[in-house]
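Right, one structure below, let's go through it.
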Amino acid sequence: MAPAPLTLTIRLYKALTAIGAPLALRAARRRFEATNGPMDRLTERKGQPSLARPDGPLIWMHAVSVGEFLSILDLVSDLVKRDTSVLVTTTTTTAADIAAKRLPEGAFHQFAPLDTPQATRRFLDFWAPDLAIFVESEIWPNQILACETRGIPRALINARLSAKSVASWHKRPKTAQALFSRFDRIMCQTDSTRDALAAFVTENAVLSTSGDMKAAAAPLPVDTAEAQTLGTDIGDRPVWVASSTHEGEESIVSAAHGIVTSQAQDALLILAPRHPERGDAIETQLRADGWNVARRSAGASITPETQIYLADTLGETGLWYHLSPIVLVAGSFAPVGGHNPYEPAHFDCAILHGPLYANFAQAYGEMADCDAALEVEDATALGLSVAGLFNSPRLRTLQDNAHTYVTAAKNNRDNVVQTLLSLRT
């Protein structure tokens, strides 16, 4: 069945992005400057390559930022094992830095072209991908339409639509139909996203629910030498982790740790803020609360007197999960939508979270159903729960159930790989 016709809105978008291409590039330059991006690679945003195209089949995958990139990293590894090169594009400098370190052999990174007709044309002229894959909610009209014109198959994977996004698309249904009906396959995180998109596709056969690819990702890396050193420093002390905290959450965690240490005097908290650059302010706050703090970024060691280890570094989250049987996944007491619960599940952690987790509502709902995560409402509930889990049989139950839940997602990734390979030109 043919896709829905283009709407006036899309035609205007194409015209305005063509005219406004210089302004878009100027904005991209400002973002590069603000995030210390590699200025010698700014031309990639114009669709101009900085690498040679490898011979043979090439799959293009676009993941806008760090979270989306990490969710597809193992999928990329699976694809390059099937004798295809993979070009991964992102828009953020942080994602580019991580891609440089973690992409497997056979995959490489470029900054995504701006969604202007000019940049898209240059990009596709050079790379000529055999398949274009967009991740989560990356709906770029010029890129989607240009791929269609050139006969390049298009897939949207790990698709996720918030209630707000669904409402927005329903206000302009013909535009939504014109875009979503141009995907050859859409694989959704949840049944609710699949059902919402059914209104915008001409063939329901293109829709499926694959689960969240973040759940199917491999465990985070761990520096084994550091793990051994820190494990020795910690010894047999009870330990818990507060991961990805945001402003305002440290006070909740601090109060909870007060309850924990009232019941387990030698308990250690590893506090890993979402944004390590807040380390100075967090340390000041914790010391004002009366805690003995050792700071990772300052090279401080964990001593018997250390009550809170401030892990204000990047790229070591797996280390903290490896060291602790109990993890609070923060971003769930602040209105930021919550953070990834799958990562600690890979380390057999008992997972706790607050009441605000809109971005992971499906995951936490499923994990609650199988007793793989525990919701806590406030600092008191958090402190009592952590203290209660130490040396409790319930700790092992939560750990085992979390591991079982996340292991099942591996089969979903295998199915996604096979589906994508079947789409290649």
Side-chain angles (χ1 to χ4, degrees), residues 65-74 136 158 160 162 188-193 209-222 239-246 249 252-253 256 269-274 311 316-377 381-382 385-386 389 394-413:
S65 190
V66 173
E68 293 83 359
F69 169 76
L70 291 176
S71 75
I72 63 164
L73 185 57
D74 293 289
E136 291 202 8
N158 217 30
R160 175 173 62 88
S162 65
C188 305
Q189 290 187 22
T190 65
D191 290 341
S192 60
T193 292
T209 302
S210 61
D212 190 346
M213 293 304 298
K214 292 184 179 73
L220 294 172
V222 176
V239 58
W240 67 291
V241 167
S243 177
S244 293
T245 60
H246 289 256
E249 292 189 306
I252 294 173
V253 170
L269 165 64
I270 299 174
L271 196 160
R274 183 71 172 182
E316 295 191 298
T317 305
L319 178 59
W320 316 134
Y321 294 163
H322 172 80
L323 291 168
S324 174
I326 302 172
V327 172
L328 166 72
V329 181
S332 53
F333 292 106
V336 298
H339 290 302
N340 189 330
Y342 312 119
E343 292 172 346
H346 280 295
F347 289 86
D348 296 0
C349 296
I351 298 167
L352 285 70
H353 61 88
L356 306 177
Y357 48 85
N359 291 345
F360 292 93
Q362 173 97 359
Y364 279 128
E366 293 172 348
M367 294 178 86
D369 289 343
C370 63
D371 197 22
L374 180 62
E375 181 174 335
V376 290
E377 294 301 315
L382 173 59
S385 295
V386 171
L389 287 173
R394 176 128 168 80
L395 174 61
R396 187 70 259 171
T397 298
L398 285 167
Q399 291 174 305
D400 289 344
N401 290 344
H403 182 78
T404 299
Y405 173 80
V406 79
T407 300
K410 173 64 168 60
N411 293 331
N412 292 337
R413 193 175 84 224

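Model, not experiment: these values are computed from the prediction. Numbering starts at 1 and runs along the sequence shown.
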- Under a 4.5 Å cut-off applied to non-hydrogen side-chain atoms, are Glu136 and Gln189 in contact? yes

Under 3.5 Å, sequence neighbours excluded: what are the donor-acceptor pairs made by side chains of residues 368-377?
unit_1	atom_1	unit_2	atom_2	d
Asp371	OD1	Arg394	NH1	2.9
Asp371	OD1	Arg394	NH2	3.1
Asp371	OD2	Arg394	NH1	2.9
Glu375	OE1	Tyr357	OH	3.1

- Message: Applying ring pair (Phe, Tyr, Trp, His ring centres under 6.0 Å), can you list everything that pairs with His346, at least two apart in sequence or on another chain?
- Response: none

- Message: Testing the basics here: between Leu395 and Ala350, what is the closest heavy-atom pair and its distance to 0.1 Å?
- Response: CD1-CB, 3.6 Å

- Query: Looking at side-chain heavy atoms only, is the closest gap between Tyr342 and Asp212 below 4.5 Å?
  - Reply: yes

- Considering all heavy atoms, the nearest Ile270-Ala311 contact: CG2-CB, 4.0 Å

- Message: Is any side-chain heavy atom of Phe360 closer than 4.5 Å to one of Asn340?
- Response: yes

- Item | Side-chain donor or acceptor of Ser71 paired with backbone N/O of Glu68 under 3.5 Å | yes

- Note, Ile351 side chain near Leu398 side chain (heavy atom, < 4.5 Å): no

- Query: Hey, is the main chain of His246 close enough, under 3.5 Å, to the side chain of Glu249 for a donor-acceptor pair?
  - Reply: yes

- Message: With heavy-atom distances below 4.5 Å as the criterion, would you say the side chains of Asp400 and Asp348 are in contact?
- Response: no

- Query: Are His353 and Tyr364 close enough that their ring centers fall under 6.0 Å?
  - Reply: yes

Pairs under 3.5 angstrom only: tabulate donor-acceptor contacts from the side chains of residues 319-331 to other protein residues two or more places apart or in another chain.
unit_1	atom_1	unit_2	atom_2	d
Trp320	NE1	Glu316	O	3.3
Tyr321	OH	Ser243	OG	2.8
Ser324	OG	Val239	O	3.3
Ser324	OG	Ile326	N	3.2
Ser324	OG	Ile326	O	2.7

- Could you tell me whether the side chain of Asn158 reaches within less than 4.5 Å of the side chain of Ile72, counting heavy atoms only? no

- Message: Taking the side chain as everything from C-beta on, heavy atoms only, tell me whether Thr245 gets closer than 4.5 Å to Arg274.
- Response: no

- Going from CD on Gln399 to SG on Cys349, what distance comes out if it is rounded to the nearest 0.5 angstrom? 7.0 Å

- Message: Is it true that Thr193 and Thr190 share a donor-acceptor pair across their side chains at a distance under 3.5 Å?
- Response: yes

- Straight-line distance of Gln362 CD to Arg160 CZ, nearest 0.5 Å: 12.5 Å

- Item | Any side-chain heavy-atom pair of Leu352 and Trp240 under 4.5 Å | no

